[in-house]
Structure formats: C-alpha cells, structure tokens
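Everything on this sheet refers to the single structure shown next.
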Amino acid sequence: MGEKEFVKEITSRAVDYSQWYVDVVTRAELMDYAPVKGCMVIRPYGYGIWERIQGALDPRFKATGHENAYFPLFIPESFLRREAEHFEGFVPEVAWVTRGGGEELAEPLAIRPTSEAMICHMFARWVQSWRDLPVLVNQWCNVVRWEKATRPFLRTTEFLWQEGHTCHATEEEAEAETRQMLGIYCDCLREDLALAVVPGRKTEREKFAGALRTYAVEALMSDGKALQAGTSHNLGQFFARVFNILFLDRDGRQKHVWQTSWGVSTRLIGALIMVHGDDRGLVLPPRIAPLHAVIVPISPQRRREEVLTAARRLHAGLAGMRVRLDDRDEHSPGWKFNEWEMRGVPVRIELGPRDLEASRAILVRRDSGEREEVPLDGVSRRLPELLAEIQHAMYRRAWDFTSRSTRLVRDWTEFRTVLEEQRGFVVGGWCGDEDCEGHIKTETGATIRCLPLEGVASPVSDALREAAGLPCVHCGGRAPGPVVFARAY
RNA sequence: CGGGGCGUGGCGCAGCUUGGCAGCGCGCCUGCUUUGGGAGCAGGAGGUCCCGGGUUCAAAUCCCGGCGCCCCGACCA
C-alpha cells in the first residue's frame with residue numbers, strides 16, 4: 001500500500017517542497033500564523049524542541065565559563081548609529097518605537113535586531129582592568145528584523161535566539177574564543193541535532209556587518225539548498241573603539257578590548273525539519289525530540305482495562321525517558337500511529353491483547369519504520385539503546401546525504417550545469433576576488449557558503465581534498481584553496 | 001522590492017463566468033456500536049461570504065477603492 005495514503009494533509013516533497021514544509025510545521029503543530037505579518041506563534045510542541053536545543057547548548061556555554069544575563073529590548077537610536085558599518089547593515093530592517101505613555105519620545109528606540117550596541121555600552125562600564133577580562137556573557141532572547149519575505153522558523157519578523165558576547169585582552173584570545181564557540185556549535189548540532197554541518201569561514205561579502213571575521217556552520221537541506229545554522233564572529237576592536245571599552249593592561253597602558261559574538265536561532269528548528277523530515281512529516285532526533293516515545297494501547301472493549309493497566313505499568317517503568325501514554329479514547333490506534341509519525345516521535349510502542357499474551361511490546365522506529373518485539377520487562381533497557389541507534393542512524397543519513405550531494409567542479413560550464421540540475425554543495429576553486437564572487441551570485445544565485453576549516457572532518461572533506469589546486473570556477477585564475485558554494489535559504 | 005495565488009462555519013474547498021433559499025468534505029457536540037495503519041450509523045450545533053462604497057427590486061456573485069495572508073524570486077540569522 002502507498003505510504004502517502006496515510007498522510008493526506010502533507011504535500012509530498014517531490015510535488016512542492018515549500019508546501020511540504022508549510023504542511024509539516026502547521027500539521028505537526030510546531031507553529032501557527034499570528035495576526036501580525038511575518039510573525040508566528042511557536043506552539044508547545046515546537047517550543048519543546050527549542051527548549052531541548054537550549055538544553056543542549058546552555059550547559060556547553062556554562063562549561064566554557066559563560067554566564068547568562070539579560071539586556072534590554074530597546075536600544076537608543078544614537079547607540080545604533082555609533083558603529084557606521086554595523087548600522088548600515090541593519091537599519092533597513094530595524095523596527096522603531098517612537099511613542100510611549102501617550103507621548104512622542106525624545107529619542108526613538110530601536111527594537112534590538114541584535115544587541116551589540118547595548119551590550120557594548122554596558123561592557124564599557126564594567127571593564128576597567130585586565131583583571132576584569134575576559135567577560136563572557138550570553139543571553140537567550142527575542143530579536144526583531146523587519147523582513148520583507150518571511151517563512152516559518154527560517155525567517156520571521158521576530159525570532160528567538162541566543163547571543164553570546166565576550167571581551168578579551170588580546171586578539172589571539174578573541175580568535176580562540178570565536179573558534180571555540182564555532183566548535184561548540186559544530187559538536188552540538190552534530191551530536192544532538194544530528195545535522196552534518198560544515199564549519200568554515202565567511203567571505204568578506206558574507207560576513208557580519210561590523211565584524212573582523214565571521215565563521216559559520218552550514219548545513220544542506222534535503223532540497224539541496226544550504227542553510228546557515230550558526231555563526232561566530234571575531235569582532236576585533238571595532239565596537240570597543242566606538243563604545244570606548246578600555247582596560248588598563250599589565251604593562252600600564254590603556255587598550256581596547258577584543259570582542260566576539262556568536263549565535264544560533266529558532267531557525268535551527270527549520271533545519272531539523274528540512275534535514276530529517278520525510279513525506280510523512282517530521283522525523284526528530286531523539287536527543288532533541290520533546291517525546292522519545294509514545295505508547296499506543298490497542299484496547300478492544302472487552303480487554304480495555306486489562307490493556308490500559310498494562311500500558312500504565314509500562315509507562316511508569318519508563319520514567320526518566322520522555323514517554324507519553326496516548327490513552328485517548330476518541331481516536332483509533334491507526335489514527336494515533338499516523339498522528340505521532342507526522343509529529344516525528346522517534347519510537348512508537350504498541351501494546352495490545354496479542355502482545356499481552358506474549359508479555360511483549362512492539363517498538364517501531366520512526367526513522368526507518370523497522371519494528372521489533374521486546375519483552376515487557378525489557379523495554380526500559382531496550383528503549384535507550386534504540387534511541388541511541390536512531391540518533392546515530394539519523395546523523396549518518398544526514399552525513400551521507402550531504403556527502404553524496406556535494407559535487408566537485410572544475411570550470412564555469414560544469415559549475416552552472418551542476419547548480420541548475422542538481423543543486424547541493426558545490427566545491428571548487430575561488431580566486432578570492434569579490435567581483436568574481438558577485439558575478440557567480442548574479443549569474444547562478446549561488447553564494448560562497450564558507451571557506452571550510454582545514455583539518456576538520458566534514459561531509460565535504462573528500463571533495464575538498466580532490467579539489468586542491470583547482471582554479472577559480474568563474475575566472476579560471478589561481479585559487480588559494482577550494483570553497484563551498486550553494487544556493488542558500 | 002518585483003512576480004504569482006488566495007480571502008465563503010474551526011480547517012480545506014465549491015458556488016462567482018450568466019445576480020435570485022449559503023452548500024460540500026473533514027473537524028466539533030450527543031447517543032449507540034467499535035479499536036493491530038486516519039472506524040460505522042443516527043441525530044445536532046456552528047456563517048458580519050476580508051472591509052468600505054456603488055449598481056440593482058435583489059450582491060458571496062457585477063463595478064470602484066482599500067486591507068490582509070500565503071508562495072516564489074532579489075536582500076538578510
């Protein structure tokens with residue numbers, strides 16, 4: 001029987017990828033459209049994913065010495081204007097508050113598009129001596145960017161994120177911090193979100209407005225388009241100069257601090273959907289899934305109490321894992337199977353009269369559809385193993401897909417053909433010239449996603465090795481090293 | 001900012017061309033029968049047809065104006 005018959009509500013990816021995405025986020029109840037353009041409600045199930053992402057990242061931030069804090073939503077216009085490059089970069093998408101308490105404000109307040117301006121202002125007050133360094137803070141908050149075209153999770157007017165901000169005594173320390181946080185993103189996205197990300201450096205053109213250098217982790221979605229999944233910036237001393245963040249060093253001289261900032265957002269939820277989802281809906285990696293498993297009792301009238309009692313006992317024995325017993329009477333087992341599959345729960349546990357006779361339960365994997373019979377008293381031992389297997393398999397699948405979708409190109413003709421016919425990551429040479437980069441973008445829609453970090457294994461490693469020494473894909477000139485191109489979200 | 005699509009019970013849509021009782025499917029409520037891949041039957045509730053104006057005996061339908069949402073491209077997490 002055709003698989004799609006079960007999920008009428010979801011458009012298949014092959015028919016219309018965008019519609020599939022919208023169907024998944026709405027039907028799985030991750031979000032709903034709010035009455036304000038470009039804004040969405042993150043519903044409990046979607047927010048549960050975000051909480052799991054926070055739960056994966058926050059301890060890693062703490063373990064590396066960072067502390068959480070909270071800075072105001074409103075930023076005085078004059079603060080934003082101080083750093084010209086930064087301001088120019090953001091002003092088109094800033095929302096302003098000009099009235100408050102029924103009166104016109106003396107100075108308009110920007111609703112933060114990011115908090116560099118506010119946080120740097122505070123840093124200037126807090127930092128006096130080399131003994132005050134490093135300053136390592138992070139905040140979980142919302143930001144607003146007035147986008148013209150929005151998409152649930154991927155680009156919304158208001159979104160949730162985390163922004164880390166640090167000050168250091170030396171350039172080397174700031175660079176090390178920038179790289180450390182990129183590494184943390186890379187590890188966390190790979191281990192917990194099962195995303196096969198490629199870490200690398202951004203080109204001048206693609207870097208953060210006001211940064212010395214920007215690093216990012218890039219992931220490939222199942223439609224062959226890339227998504228920037230996290231960024232880490234070495235801000236140099238640009239903001240320190242503008243906001244007068246000075247410290248008296250050991251040598252008795254006043255110096256500007258060296259800064260970093262880094263962030264990931266609810267956009268990661270979009271990445272999870274587009275990397276792991278299939279035509280039946282969401283597929284969530286166990287470490288991030290709000291629910292590890294759902295127990296679906298199959299309880300004909302006559303055996304109802306017997307089955308439910310056993311199901312409750314099984315549920316109680318799985319305390320410590322995130323398991324829900326779906327004992328709703330208003331839906332049939334088949335309905336529940338489809339519903340929880342659509343919502344991406346990693347494991348379904350079926351328990352019916354036939355299973356009770358055999359003192360077993362049926363465990364079914366969401367990612368592969370495989371089912372296995374497990375003795376009732378063995379489920380609490382088997383489930384964690386199975387979840388680990390699923391987590392691993394999903395990562396492998398994402399890695400293999402990304403690796404398979406990476407093409408090596410030698411010249412311009414090949415480059416255009418690959419982008420038009422296959423998409424995916426394209427590895428090739430780049431001479432380093434911004435005009436070449438610009439032409440490539442104008443003519444193909446593809447951008448340089450990153451200059452991959454050397455010595456870090458990633459799904460594009462093989463292609464990079466083969467591409468060493470290849471000339472620029474556009475002009476044919478000498479290229480210092482291969483880069484990764486793609487069309488991107 | 002360009003291109004396309006759409007606004008009709010909670011959701012998805014038909015009706016509009018050619019003006020004349022506001023309909024269908026799903027969902028919802030009640031009852032009974034059901035339960036191993038989206039159960040069946042019976043009864044029932046639910047509508048400013050996006051908004052404003054105009055034409056007309058009569059407007060969901062025709063005309064004018066506005067608003068909103070979604071999708072796709074260019075710019076950005």
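Each chain gets a letter, A, B and so on, in the order its sequence line appears, and its residues count up from 1.
Contact between the side-chain N/O atoms of A/Tyr33 and the OP1/OP2 oxygens of B/C71 is found at a separation under 4.0 Å. The phosphate of B/A39 has OP1 or OP2 within less than 4.0 Å of a side-chain N or O from A/Ser332. For the pair A/Lys148 and B/G73, the criterion of a side-chain N or O lying under 4.0 Å from OP1 or OP2 is not met.
The stretch residues 225-233 of chain A comes close to RNA chain B through A/Lys225, A/Gln228, each having a heavy atom under 4.0 Å from the strand.
A gap of 25 Å separates the C1' atoms of B/G36 and B/C26, to the nearest Å. Rounded to a whole angstrom, the distance from the P atom of B/G4 to that of B/C76 is 25 Å. For the C1' atom pair drawn from B/U56 and B/C63, the interatomic distance equals 12 Å after rounding to whole Å. Rounded to the nearest Å, the gap between the P atom of B/U8 and that of B/U48 is 12 Å. Between B/G68 and B/G27, the two P atoms lie 35 Å apart (nearest whole Å). Comparing B/U30 with B/G37, their C1' atoms are spaced 28 Å from each other, to the whole Å. To the nearest whole angstrom, the two P atoms, one in B/A59 and one in B/G20, are 11 Å apart. Comparing B/G7 with B/C62, their P atoms sit 12 Å apart, to the nearest whole Å.
Checking B/G38, B/U34, B/A77 against the side-chain heavy atoms of A/Arg155 singles out B/A77 as nearest. In this structure, of B/U35, B/A77, B/A74, it is B/A74 that holds the atom nearest to the side chain of A/Ala149. For A/Lys441, the listed nucleotide lying nearest its side chain is B/C76; candidates were B/G36, B/C76, B/G37.
For the pair A/Glu330 CD and B/U33 P, the computed distance is 18 Å after rounding to whole Å. Atom CG in A/Asp355 sits roughly 16 Å away from atom P in B/U35 (whole-Å rounding). Rounded to whole Å, the distance from CG on A/Asp329 to C1' on B/U34 is 10 Å. Per the geometry, CZ belonging to A/Arg487 stands 16 Å off C1' belonging to B/C75, to the nearest Å. Rounded to whole Å, the distance from CD on A/Gln19 to P on B/C70 is 12 Å. Rounded to an integer number of Å, the gap from A/Arg43 CZ to B/G10 C1' is 12 Å. For A/Asn338 and B/A39, the CG to C1' distance is 13 Å, given to the nearest whole Å. As a whole-Å value, the separation of A/Glu93 CD from B/C75 C1' is 9 Å.
At a threshold of 4.0 Å, the pair A/Arg328-A/Asp326 counts as salt-bridged, since one of the basic side-chain nitrogens sits closer than that to a carboxylate oxygen. The residues A/Glu357 and A/Arg303 are annotated as salt-bridged, a charged nitrogen and a carboxylate oxygen being separated by less than 4.0 angstrom.
A donor-acceptor contact under 3.5 Å links the side chain of A/Arg348 to the base of B/G37. For A/Arg145 against B/C76, no side-chain N or O and base N or O form a donor-acceptor pair under 3.5 Å. For A/Ser265 against B/A77, a side-chain N or O and a base N or O form a donor-acceptor pair under 3.5 Å.
Under the Watson-Crick or G-U wobble criterion, with both distances below 3.5 Å, B/G27 is left unpaired in every strand shown. Both distances falling under 3.5 Å, in either a Watson-Crick or a G-U wobble arrangement, place B/C69 opposite B/G5. With both pairing distances under 3.5 Å, B/G47 is matched to nothing as a Watson-Crick or G-U wobble pair. Across every strand in view, B/U61 sits unpaired, with no contact that passes the Watson-Crick or G-U test at under 3.5 angstrom.
Taking the six-membered ring for Trp, A/Phe153 and A/Phe159 have ring centres at least 6.0 Å apart. Here A/His121 and A/Phe79 bring their ring centres to under 6.0 angstrom of each other. Residues A/Phe61 and A/Trp262 bring their aromatic ring centres within 6.0 Å. The ring of A/Trp161 has its center no closer than 6.0 angstrom to the ring center of A/Trp50.
Positionally, the nearest nucleotide of RNA chain B for A/Glu339 lies more toward the 5' end than for the other of A/Glu339 and A/Phe208. Map A/Arg151 and A/Thr266 each onto its nearest nucleotide of RNA chain B; the residue landing nearer the 5' end is A/Arg151.
Of the N and O atoms on the side chains of A/Thr157 and A/Glu147, not one donor lies less than 3.5 Å from an acceptor on the other residue. For the residue pair A/Thr166 and A/Gln259, no side-chain donor N or O sits within less than 3.5 Å of a side-chain acceptor on the partner. Side chains of A/Thr231 and A/Tyr185: a donor-acceptor N/O pair is absent below 3.5 angstrom, by distance only.
A/Pro113 comes within 4.0 angstrom of no nucleic acid atom, judged by non-hydrogen atoms across all strands. Here A/Pro353 lies in heavy-atom contact (under 4.0 Å) with a base. Residue contacts shown for A/Val296 are absent, as no nucleic acid heavy atom lies under 4.0 Å away. Residue A/Thr156 is in base contact, counting any heavy-atom pair closer than 4.0 Å across all strands shown.
Cation-pi geometry between A/Arg407 and A/Phe425 is not met: the NZ or CZ atom fails to fall both under 6.0 Å from the ring centre and inside 45° of the normal.
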